[in-house]
Amino acid sequence: MANQKLDRLDKQILKMISEDARVPFLEVARTCNVSGAAIHQRIQKLTSMGVLKGSQFIIDPEKIGYETCAFIGLNLKNPETFDEVVEQLKKMPEVVECHYTTGDYDLFIKLFAHNNYHLLEIIHDKLQPLGARSRTIISFHTAISRSLPVTKFPGED
């Protein structure tokens, strides 16, 4: 989708709420020098444009018993099964991301498992029956995890 037309106020709002999603709208309004109602309207506009996709709390998987993070490249034996495979992946609570990719893999997924044995069960019992060869990379630690910063957007001077 093309770059949305956002003005200075939109960008200022996005910057503030991306840094702290719990910042009160009245604080955003004071900082932006506009009314609270204006902030609510802008948030609604940004949501309807698809720029904002909701808000969420971020759960630390390790704190709830998911100690293994893995990235798995899948090669489908039958490329016509893309849609069915993705639907099956959606049913697996351990799978948190799935990407259509170029290069060596048809799909690239990120998942969390309780431990390496649980990861083996997921690969053997859930992924292999989908008709996919896989290559697994286990993450030891997330060094960087962040959203894109709200600064300049492509095409701006």
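Positions are given from 1 along the sequence. Just so you know, these numbers use all the heavy atoms, side chains as well, and skip hydrogens, waters and symmetry mates.
- Under a cut-off of 6.0 angstrom, the local environment of CG in Leu148 is sparse, with at most 12 non-hydrogen atoms contributed by other residues, nucleotides or ligands.
- Remark: of the listed residues Glu121, Gln88, Glu94, Glu94 is the sole one forming a side chain to side chain donor-acceptor pair (under 3.5 Å) with Lys126.
- The closest donor-acceptor contact from the side chain of Thr81 to the backbone of Glu84 lies at 3.5 Å or more, if one exists at all.
- The structure places CG of Leu127 at 6.5 Å from CG of Leu89, a figure rounded to the nearest 0.5 Å.
- Atoms CD and CD1, from Gln12 and Ile39 in turn, are 8.0 Å apart once rounded to the nearest 0.5 Å.
- Between atom CZ of residue Phe112 and atom OG of residue Ser139 there is a gap of 8.0 Å, rounded to the nearest 0.5 Å.
- Between Arg30 and Glu27, no side-chain nitrogen of the basic residue sits less than 4.0 Å from a carboxylate oxygen of the acidic one, so the salt-bridge criterion is not met.
- When side chains are defined from C-beta on, Ile109 does not count as touching Met92, because their heavy atoms never get closer than 4.5 Å.
- The shortest non-hydrogen separation linking Phe108 to Gly73 is CD1-CA, 3.7 Å.
- With Asn115 contributing its side chain and Glu67 its backbone, the two residues share no donor-acceptor pair below 3.5 Å.
- The backbone N or O of Gly65 sits less than 3.5 Å from a side-chain atom of His114, completing a donor-acceptor pair.
- The structure places CG of Leu52 at 5.5 Å from CD1 of Ile43, a figure rounded to the nearest 0.5 Å.
- Asn116 places none of its side-chain heavy atoms less than 4.5 Å from the side chain of Leu120.
- Taking a cutoff of 4.0 Å between a charged side-chain nitrogen and a carboxylate oxygen, Glu19 and Lys15 qualify as a salt bridge.
- The distance from the CD1 atom of Ile137 to the CD1 atom of Ile72 is 9.5 Å, given to the nearest 0.5 Å.
- The aromatic rings of Phe82 and Tyr100 sit tilted relative to each other, their planes meeting at an angle between 30° and 60°.
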